[in-house]
*Asks:* 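The structure follows.
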Amino acid sequence: MNFNNNNQIRVRFAPSPTGHLHIGGARTALYNWLFARGHDGVFILRIEDTDLSRSTEQAINQIMNSLRWLGLDWDEGPETGGIYGPYRQMERLDLFRSAAERLLAEGKAYYCYCTHEELEEQRRQARSQGRPVVYQGCCRNLSAEEGRLLREEGRQPVLRMKTPASGLTVVRDVIKGDVKFENAQLGDYILMRSSGVPTYNFAVSVDDATMKISHVIRGDDHLSNTPRQLLLMEALGFQPPVYAHLPLILGADRTPLSKRHGAVSVEEFRSRGFVREALCNYLALLGWSFDSDTNLFSIAELTGKFSLERVGTTAAAFDEDKLTWMNGYYIRNMPAAELAGRIVNFLPTSRLAGLPGRKGKPGVADLVPLVQEKMKTLADFIRLTDFFFLPIKFEAQSLGKLEHDANSTAILRTVSGILNGLTDFSAGHIEEELRQAAAEMEIKLGKFLQPVRIAVSGKLVTPGMFETLAVLGRQESVSRIQTTLAMLEAAQTDNKSI
RNA sequence: GCCCCCAUCGUCUAGUGGCCUAGGACACCGCCCUUUCAAGGCGGCGGCGGGGAUUCGAAUUCCCCUGGGGGCACCA
């Protein structure tokens, strides 16, 4: 049986819809996608929703949204369709059932009537006797009559695989090499639940085969399931795909990634202002490398350079510092108009929502040139530019510094006068005038500008002062300086702190 | 308890017996640039988990230990 027609590369990402798209799942999806795109292959999205109690429609949508946001488009899958569909396992039940019947008819599987309690007891005993904690096959040789009687007791059977009692099953893994498993360790695992819904191992085997998957690229946690799937493939007469098991991603403290590590879902990173280019680039490098010194890769470069052979074997710790650095890199190197668009999309859920561009206020595009090289995340735009839109809030120490500097008042008066008289309120012209004023007062530019910065923004750190004033406009700039000046003078008259 | 995987700077990694007095990136620390902060430039700090074995020679091969991770579900 030629399972892989035309030797076409067909890979799949097969999440179970029980929550957001995890950073680990995102990397798995990315690697599959890169592999497909780099080999003229097909990338398939398959939803593994056989856990009825945990799967939700909402999770399916969240996962698809996250994949789309990352730019990982699928060629076959839910909503897209494809000739090997449907692409949700709960819509493929007939396929699993006929495969189950075949195994049963050929004596390769059998019904098991053990109850949860009985199984629990068996496991407890196995553990205490140091045996593998797998099903020992009590129901394996039940006669038809015995089965009928148990059924009459009201027991709903599950279908179990007849696993060979001896021998080895070898997983040939592109990343791990040949991994040997003793069949005796595998046990007679469950294929069909008593509800008639297949279990993971069964569904995945049938689907990978019937969807003609050529390469299974997935997390390490599935490695020890692979021999069970291999046995199934063999029993059903399918040729198995090539396997590649990726090492897991750990938290910064090298413990398994979980909510307590902060952001773990793609959605969270997105809402914190990370851009897809950085997330994809960072994730690509978490477990894969191209050479000894390249770190930055565009999506196109990744597509051309990614290979399974260069995927590492060590579990990688997620380092948000490096992601943040990379995010800043992509933000700095983005065309200003592109960045502005991203910020506009990002802002609606923030405290700046609806403000940019409103009556007399600067627009996002006006501010991007002032803050682009200072931003590490899209959220930084808010921190950096809020004073343009919101009432000034003097941050800690800012007023104190103003008071402490004996020249503050004089500088502010001078600057206010200069700005008020300017007809050309461009950044260049403002710079010219203020530099000259600073020179005349024999004050270094940095010291000269700091009171102005505090007066118009309330902050110790802002974008470049000349550009900031220009965007603020003459009226607003002068008015802010005057207001601050008045506070300062009042405080000095009263001889007390502001 | 049983099975499996993994092990180079704090982190991501390069390295497949001599090119390694172990290279790059993030972080950190200095200096330069500078209008604050970033960015950028230059420099620095910092690592082959331990023990055996093979070899003229081991980060690289083998064994043991230790440590981490995964699995052993009518979860995926």
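Throughout, a chain's letter reflects where its sequence line sits, starting with A, and its residues are numbered from 1.
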*Asks:* Regarding A:Thr462, tell me which of base, sugar-phosphate or nothing describes its non-hydrogen contacts under 4.0 Å with the strands shown.
*Replies:* base

*Asks:* Below 4.0 angstrom, N of the basic side chain to O of the carboxylate: do A:Glu120 and A:Arg124 qualify?
*Replies:* no

*Asks:* Are A:His20 and A:Phe269 an aromatic pair, judged by ring center distance below 6.0 Å?
*Replies:* no

*Asks:* Does any donor atom in the side chain of A:Gln436 or A:Glu440 lie under 3.5 Å from an acceptor atom in the other side chain?
*Replies:* yes

*Asks:* Have a look at A:Gly287 and say if it touches a base, only the backbone sugar-phosphate, or nothing, with a 4.0 Å heavy-atom cut-off.
*Replies:* sugar-phosphate

*Asks:* Hey, does A:Arg54 reach any base, or is it just sugar-phosphate, or nothing, if we go heavy atoms under 4.0 Å?
*Replies:* base

*Asks:* From the options A:His215, A:Arg46, A:Gln229, select the one residue that forms a side chain to side chain donor-acceptor pair (under 3.5 Å) with A:Asp208.
*Replies:* A:Arg46

*Asks:* Please confirm whether A:Arg228 makes a cation-pi placement over A:Tyr189, using NZ or CZ under 6.0 Å from the six-membered ring centre and within 45° of the ring normal.
*Replies:* yes

*Asks:* What range of RNA chain B does chain A touch, first nucleotide to last, counting atoms under 4.0 Å from its heavy atoms?
*Replies:* B:G1 to B:A76

*Asks:* Which residue, A:Trp288, A:Tyr330, A:Tyr329, forms the ring-ring contact (aromatic ring centres under 6.0 Å, His included) with A:Phe297?
*Replies:* A:Trp288

*Asks:* What's A:Gly446 touching, base or sugar-phosphate or nothing? Going by heavy atoms closer than 4.0 Å.
*Replies:* sugar-phosphate

*Asks:* Looking at every strand, decide which applies to A:Arg127 at a 4.0 Å heavy-atom threshold: base, sugar-phosphate, or nothing.
*Replies:* base

